[in-house]
There are 2 protein chains.
Amino acid sequence: MQEQSPSVWTRPRKKPPALTRELIVATAMRVLDAEGLEALSMRRLGAELGTAATAFYRHVASKDELIELVVDQIYAEIEIVESDDPADWRAPTLACAHSLRAAILRHPWSAQLFGAAGLSYLGPNTMEKTDRMIGVLETAGFPLEAANRALSTVASYVTGVTIAEAAALSLMARNGLNQEEWVELMWPVAERAAQAYPRLRRLYAAQHTAGVSVDATREDQFSFGLRHILNSLESERTTA
Amino acid sequence: MQEQSPSVWTRPRKKPPALTRELIVATAMRVLDAEGLEALSMRRLGAELGTAATAFYRHVASKDELIELVVDQIYAEIEIVESDDPADWRAPTLACAHSLRAAILRHPWSAQLFGAAGLSYLGPNTMEKTDRMIGVLETAGFPLEAANRALSTVASYVTGVTIAEAAALSLMARNGLNQEEWVELMWPVAERAAQAYPRLRRLYAAQHTAGVSVDATREDQFSFGLRHILNSLESERTTA
DNA sequence: TGCCAACGCGTACACTGTTCGCATAGGGTG
DNA sequence: CACCCTATGCGAACAGTGTACGCGTTGGCA
């Protein structure tokens with residue numbers, strides 16, 4: 001229905017082949033966002049673009065490669081802000097961390113892929129963002145390898161926390177429930193399962209009476225850990 | 001061939017049904033460790049146990065449930081040591097973190113499952129270890145919810161780091177290469193890909209001339225971040 | 001004009017998880 | 001002892017998966 005122009009291609013010569021890596025990746029992303037990882041099959045993607053399932057293999061080596069491309073695309077959404085003060089590494093790092101978290105939560109299906117991502121560390125977007133953040137840390141006084149270590153530490157924390165969040169989110173989406181319905185459904189199960197474990201029982205009871213807002217809690221917990229990590233990383237910086 | 005006795009069943013009455021949840025999970029684990037996640041199909045599992053693929057559905061609701069059981073089994077391998085000094089929370093937490101990392105690396109295929117683990121937080125082994133660690137932190141002076149937050153922070157970091165490591169390990173295993181062969185194969189690719197990114201180029205060059213031992217580096221990096229996180233968490237403790 | 005590479009399609013294959021009905025075997029009850 | 005009834009495993013079948021292969025078409029270049 002939409003007659004939109006292809007708008008982006010790598011080399012502006014020859015005819016536009018109606019199927020492009022960019023178009024395929026974008027469409028895959030749309031399906032994934034709308035219906036989750038399990039919904040994405042080559043035949044489904046073909047139906048979405050009005051082509052056969054096998055058409056994509058002219059542009060993409062395999063479904064695995066397609067998925068690597070899609071995952072790398074997530075990194076394109078990360079915004080890196082460079083502070084005016086070259087010594088200020090905390091603000092950019094915090095922003096980057098929150099941006100990465102937000103990007104993953106925007107595409108919760110990606111949680112299931114981080115553990116499988118083979119070479120995706122070499123994806124262009126991944127590398128570009130990594131490079132720029134290392135640059136920020138370096139100009140703020142971190143030696144090169146320390147900057148790499150620091151960034152890697154932060155990134156591991158962010159993905160670790162966020163994968164867990166996204167997994168829950170993705171599960172909710174698969175069952176077509178919003179957050180409230182989900183906790184309402186799962187709380188009794190969790191509480192009953194916790195009966196055998198004294199600390200967990202007390203913890204759940206306390207959280208129940210407090211009536212936690214799950215969203216805010218998760219955000220707080222994320223910031224909590226992140227702040228602590230940054231505090232600690234400060235010591236690795238050669239305060240010139 | 002092996003005529004080993006069933007050795008473990010939940011209820012010691014009636015006849016031993018030749019297929020048990022425990023046996024199924026253990027066999028699945030064996031296949032996974034030997035050949036990775038993709039190799040585990042119901043038919044393959046059937047071949048392993050000399051049964052049809054459909055036999056398992058009497059003992060397990062679905063393949064997903066089987067996988068949740070297997071993942072929870074990983075947590076059974078975590079060792080929790082309680083220090084003599086009740087105020088010492090660092091040693092047990094460090095030990096637990098290293099134990100979790102080791103357990104995941106012992107079963108690298110699990111990396112691909114952490115993002116999908118739906119209710120596995122409610123697995124018995126998962127809950128037991130969590131409960132005990134919260135206990136350790138609480139007796140060391142953390143208020144209940146702070147203990148939970150702290151443990152959660154550490155766990156997120158550990159899984160975040162280790163998933164990335166395990167993903168690489170699992171990829172190597174799938175291609176039947178050891179670590180040396182792998183770096184030898186991938187290094188030129190990575191180095192070439194990094195040409196466009198100044199900081200990464202310098203970083204790789206530096207690491208190349210230094211001749212890093214990948215194993216030691218990863219272990220160091222893990223301990224580095226972990227130590228920093230524990231340092232920071234200390235402040236959450238009410239030093240009674 | 002003729003060629004040739006790029007592209008998309010249809011078919012086919014080997015697999016996957018799972019459902020359903022059937023055979024069987026063994027313990028509990030009469 | 002005879003019966004039943006439940007638990008268990010099996011075989012066939014189904015819908016759906018990724019992808020290899022060969023065929024037509026088509027558009028740009030010599």
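Because only heavy atoms are used, hydrogens play no part in the values below, and waters and symmetry mates are left out as well, while side chains stay in. Below, read A as the first sequence line, B as the second, and so on, with proteins coming before strands; counting in each chain starts at 1. Computed from a prediction, not measured in an experiment: that's the story for all the values here.
- Spacing between atom CG of B/L19 and atom C1' of C/dG26 amounts to 17 Å, rounded to whole angstrom units.
- Partners of B/A194 by side-chain contact (heavy atoms from CB on, under 4.5 Å), not counting sequence neighbours, listed by chain and number: A/M127, B/L200, B/Y204.
- One atom, CG of B/L66, and another, C1' of C/dT16, lie 15 Å apart when rounded to the nearest Å.
- Residue pairs meeting the side chain to side chain donor-acceptor pair (under 3.5 Å) criterion with at least one partner in residues 152-171 of chain B, sequence neighbours excluded, are A/Q221-B/S152, B/R101-B/E165, B/S170-B/R174.
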Just do the side chain to side chain contact (heavy atoms under 4.5 Å, CB included) check on B/V71 and B/E68 with the steps written out, would you?
CA-CA 5 Å; B/V71 170; B/E68 281 185 22; 5.7 Å; no

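- B/H59 has no side-chain polar atom (N or O) that falls below the 4.0 Å cut-off from OP1 or OP2 of D/dA7.
- Between the C1' atom of C/dG17 and the CD1 atom of B/I67 lies a distance of 11 Å, rounded to the nearest Å.
- Within the 4.5 Å cutoff, side-chain heavy atoms of A/W187 are placed close to those of A/Q207.
- Rounded to whole angstrom, the span from the CG atom of B/D64 across to the P atom of C/dG17 amounts to 10 Å.
- Comparing C/dT18, D/dC10, C/dC7 against the side chain of B/S62 picks out C/dT18 as the nearest.
- For the pair A/I80 and A/R132, the tightest heavy-atom approach, listed with the atom from each and the gap, is O-NH2, 3.5 Å.
- Counting distance only, with no hydrogens placed and no angle test, the side-chain atoms of A/T54 and the base atoms of D/dG18 include no donor-acceptor pair under 3.5 Å.
- Atom CZ in B/F56 sits about 9 Å away from atom P in D/dC10, given to the nearest Å.
- A/Y57 places its OH atom 12 Å from the P atom of D/dT17, with the value rounded to the nearest Å.
- For the side-chain contact (heavy atoms from CB on, under 4.5 Å) test, no residue two or more places apart in sequence or in another chain qualifies with A/A155.
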If you apply the rule side chain to side chain donor-acceptor pair (under 3.5 Å), what do you find for A/D33 with A/W109, and how did you get there?
CA-CA 7 Å; A/D33 284 341; A/W109 42 266; 2.8 Å; yes

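- The stretch residues 33-46 of chain B touches DNA chain C through B/L40, B/S41, B/M42, B/R43, each having a heavy atom under 4.0 angstrom from the strand.
- Between A/H107 and A/Q73 the shortest side-chain heavy-atom distance does not fall below 4.5 Å.
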Using a cutoff of under 3.5 Å, can you pull out all pairs of nitrogen or oxygen atoms linking the protein to nucleotides 22-24 of chain D, with atom names and distances?
none

Which donor-acceptor pairs under 3.5 Å do side chains of residues 48-58 of chain A form with protein atoms, sequence neighbours excluded?
residue : atom : partner : partner atom : Å
A/E48   : OE1  : A/R44   : NH1          : 2.3
A/E48   : OE2  : A/R30   : NH2          : 3.2

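- Proximity note for A/A53 (side chain, C-beta onward) versus D/dG9, C/dC9, D/dT19: the nearest is D/dT19.
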